[in-house]
Amino acid sequence: MSIKFQIARIVIDVPIPKAFDYVMEEVKQADIGKRVIVPFGRHERMGVIVDCASQSDYPLAKLKPVLRVLDEEPVFTPDTLALLKFCSQYYQFPLGGTIFTALPARLRQLAPWADEAPYAWQLTPSGKDALGGLSGRAKAQIALRDAMSEPVTPQILNAISRQASSVIKKWAEAGWIESVPITRVPCDAQIGPKPYLTEEQARIVEAVDLSDPQASVLFGVTGSGKTEVYLRLVEKALAAGKQVLVLVPEINLTPQLLLRFKARFPHASLTSLHSEISDAERAREWMACRRGERSIVLGTRLSVFVPLPALGLILIDEEHDNAYKQQDGLRYSAKHVALMRGKLVGAPVLLGSATPSLESWFQTLSGKYRLHTLSQRAVASAVMPTIALVDTRRRYTEDGLSSELISAIQATLDRKEQSLLFINRRGYAPVIFCDACGWQAGCDRCSARLVLHRQQKRLVCHHCGWGQPAPLACPDCGNQDIKPIGVGTQRLEDSLEKYFPTARILRIDRDAMRHKGSWAAAQARIAAGEVDILVGTQMLAKGHDFPDLTLVGVVNADASLYAADFRASERLFAQLMQVSGRAGRAGKPGQVLVQTAFPEHPVFDALIRHDYAGYATSLLQERADCAFPPYTFQALLRAEAPRIEMAMQWLHQARQTALSTVPAHLAEVTCFDPVPALMARIDGKERAQLLFQSDSRAALQRFLSGWSYLLYELPSNGIHWSLEVDPIEV
DNA sequence: AGCACGCCGACT
DNA sequence: GTCGGCGTGCTC
């Protein structure tokens, strides 16, 4: 005998941290997770049922009815909903906002949505007869007929002719064409024999137990064969009838990984969820996953919420990457959510990296995560690159290039191999300076300097995008001798062209790769051996495989050596390790030259010895000494206003609310004073922040739960605020 | 977030 | 006298 509910608890996409009760005849447990239409204020909104009840705290007479139920089957499975509830609580973000963040945009729209399987049009035998004679002026029809000699999607037909849909309709009625479901065509990539596993790889594949929801770190240098371990684990999971979730930081490096997955599992239903697929396709794939019709999901951070009823394994590639952290709205860490999801559904989670985050490394030391190490490069002939420093205090460097680096590039050119020059600055020069009066080009809207982009002859702000023509003379004193100081990717490219006029140079940075497809084109050129020297920012450091690359030059990494951010040295070390790993992968020895004015800094010593573990341990010691994460847990309240005083004043109020309403919770939580943000001004908005810190994650959570909802009740005239749990930039 | 209600300045 | 500024309060 089931309980009769009459009240549906529904969340709506509004920034209000609560659910709303509605009357609904015969709501049942099975309705939880369905989308509905409800009257809200003076409008109708979409909501999601999160609970059912027989009573309400709200006056019964004032309850409104659910107008319509949109789904036959819930779009969220119970375990996904449980995960979203956890996120809402942990990140102190309204459940409605959390649920609607996870929902594909197309499923957020009211318009009815046909969850039709993808199909294609094809000529029938009678159609071939009837249309075979088409000739002359019916150009559009001829083109369509020719296209349909084999199955072709409506999208492509629409691109061929604007009349496509009416022609299709006519021909389909005449029986000349028929629609056929698109069967997943087996990938034509070479399947080939699986590579032999090294003993290390085999041991790890063996050690990951699908029935044990243990988190583990797969620590392996670049080229040590992490991907092969992933593939074997996926194979294991598929054989057990499980679904696999593979998270990647960005779509940038997905193509290579995606190809390897497709080639290895040509018959598995694999879906790749990234920012470039259409809304309709994302919604369709989401529902297919939800029905258990996809066995491998490869996607960026948002994919961590995709409903997968048979989820049995989660892989997180390049787990140290900050792209797993969403920096607006629901400020979640997909890595953290994935670990929680693994725990909830009893699936193991594997965090792969050559440079694990200190947080993860810490967990392996404390025994909470297992540590699996791949210590050797998988291709036996590939050895670790040799790393050397160039002391820029003693060597003359012109336009950023030391003579050592120049001759190393020359030698590499002579061997017809590729070089990569890494510099963490876009543009031509990061500072424009007047010798006469000391003026520097600064952004009006941000507390940042303007960067010179010389081709466009413009000064550009890298924080707000604001640009202006580069001045010919100092705007303050009229001095014509204003100097670009420092080196960016463009200036480096210019110098290289001077030194190596016949070399084929390719610059890879956000400016050069702005246009869609340019990154793919660049990768193709690199792979085809059409590039001698690569110049670029961290885009180049991430997980790419450049087989002919034997020299890596780090032009200037000094800016992050003594930065204010306590995570800067961790990031720099990871970046240097990653970019060094690009050198010498296919049996050719690699060489890395790092230019620095601080060669005695311990980070370089660790880098030269390829000693991640040692450096990580010393960084952890520093963190422990200073009581920084992962030895302490933080939450950061940010406020943004037209004037900094307003932001500061609002934060003071927020702080006061904490002190007066939940003093008990503050026994274990340190509440700091509001301070202006490091970047106090961005795009004309001024920002301040308030930090909370505790040695106990649970105590911090208790405090936040008792306090954060009060923030919604604070008068917030012109203030934009957000609360971030486990912030990565403090 | 939207959108109403509500009370003070310059305008057809 | 009104149109409209955005402060504040509410949405089951």
Side-chain angles (χ1 to χ4, degrees), chain A residues 4-29 31-71 81 84-85 87-88 91-111 326-332 637-643 645-654 656-657 661 684-686 708-724:
Chain A
K4 286 269 190 257
F5 299 109
Q6 284 195 74
I7 289 161
R9 207 142 275 164
I10 287 165
V11 293
I12 294 157
D13 192 13
V14 288
I16 304 169
K18 61 187 286 200
F20 297 89
D21 290 350
Y22 287 87
V23 178
M24 181 169 151
E25 293 299 317
E26 290 181 53
V27 226
K28 25 187 206 318
Q29 232 32 70
D31 292 321
I32 292 175
K34 287 183 185 174
R35 296 170 305 149
V36 292
I37 302 296
V38 291
F40 187 73
R42 59 178 16 259
H43 287 282
E44 289 176 9
R45 297 288 298 260
M46 182 188 291
V48 172
I49 304 177
V50 291
D51 211 348
C52 38
S54 45
Q55 273 165 250
S56 174
D57 295 338
Y58 202 70
L60 241 66
K62 289 170 82 175
L63 290 185
K64 293 181 182 175
V66 170
L67 300 177
R68 198 145 60 87
V69 179
L70 294 173
D71 300 307
L81 220 45
L84 289 164
K85 283 181 181 169
C87 276
S88 163
Y91 291 109
Q92 307 293 324
F93 200 74
L95 183 58
T98 306
I99 283 179
F100 278 87
T101 300
L103 198 63
R106 191 62 190 77
L107 296 177
R108 269 179 276 179
Q109 289 166 17
L110 283 187
Q326 176 133 85
Q327 294 289 21
D328 54 70
L330 171 66
R331 293 172 171 253
Y332 67 102
L637 181 63
R638 301 170 200 272
E640 191 180 277
R643 301 198 36 73
E645 299 78 39
M646 294 166 69
M648 290 287 282
Q649 199 231 326
W650 188 86
L651 289 175
H652 272 116
Q653 281 183 59
Q656 200 47 53
T657 309
T661 50
K685 279 165 266 182
E686 308 204 316
S708 75
Y709 71 95
L710 296 166
L711 295 170
Y712 291 88
E713 286 156 26
L714 248 41
S716 59
N717 324 321
I719 307 271
H720 274 256
W721 62 269
S722 65
L723 181 58
E724 181 165 1

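Letters A, B, ... mirror the listed sequences (proteins, then strands); counts begin at 1.
- Distance from the side chain of A/Val14 is smallest for B/dA1 among the nucleotides B/dA1, C/dT11, C/dG7.
- Look at CD1 on A/Ile719: it is 13 Å from P on B/dA1, rounded to the nearest Å.
- Across C/dT11, B/dA4, B/dG2, the shortest atom-to-atom separation from the side chain of A/Lys62 is found for C/dT11.
- Within the 4.0 angstrom heavy-atom criterion, base atoms lie near A/Ile16.
- Following rounding to the nearest Å, A/Leu714 (CG) and C/dG7 (P) show an atom-to-atom distance of 16 Å.
- In this entry the distance linking CZ of A/Phe20 with C1' of C/dT11 reads 6 Å, nearest Å.
- A salt bridge between A/Lys4 and A/Glu26 is absent, with no side-chain N of the basic residue lying under 4.0 Å from a carboxylate O of the acidic one.
- Nearest to the side-chain atoms of A/Pro15 among the listed nucleotides C/dC12, B/dA1, B/dC3 stands B/dA1.
- Distances shown here put a side-chain N or O of A/Asn717 below 4.0 Å from the OP1 or OP2 atom of C/dT8.
- Here A/Pro59 lies out of heavy-atom contact (under 4.0 Å) with every strand.
- The distance from atom CZ of A/Arg108 to atom P of B/dA1 is 15 Å, rounded to the nearest whole Å.
- Out of C/dC12, B/dA1, B/dG2, the shortest distance to the side chain of A/His43 is found at B/dG2.
- Between A/Phe100 atom CZ and B/dG2 atom P there is a gap of 13 Å when expressed in whole angstrom units.
- Residue-level contact check: A/Asp21 touches the bases, meaning some heavy atom is under 4.0 Å from a base atom.
- For the side-chain contact (heavy atoms from CB on, under 4.5 Å) test with A/Arg331, the passing option among A/Arg638, A/Gln326, A/Gln92 is A/Arg638; the others fail.
- Taking the six-membered ring where the residue is Trp, A/Tyr91 and A/Tyr332 present perpendicular rings, their angle passing 60° and hence far from 30°.
- Between A/Arg9 and C/dC12 there is no side-chain polar atom (N or O) within less than 4.0 angstrom of OP1 or OP2.
- Distance CD (A/Gln55) to P (C/dC12): 21 Å, rounded to an integer number of Å.
- With sequence neighbours excluded, the residues forming a side chain to side chain contact (heavy atoms under 4.5 Å, CB included) with A/Lys18 are A/Ile16, A/Phe20, listed by chain and number.
- For A/Arg108, the CZ atom sits in a packed shell: over 12 heavy atoms of surrounding residues, nucleotides or ligands are nearer than 6.0 Å.
- Of the candidate nucleotides B/dA4, C/dC12, C/dT8, C/dC12 has the atom nearest to the side chain of A/Lys64.
- Taking atom CG of residue A/Asp328 and atom P of nucleotide B/dA1, one finds them 13 Å apart after rounding to whole Å.
- Separating the OH atom of A/Tyr58 from the P atom of C/dT11 is a distance of 4 Å, rounded to the nearest angstrom.
- Minimum atom distance to the side chain of A/Phe40 is reached by C/dC12, of the listed B/dG2, C/dT8, C/dC12.
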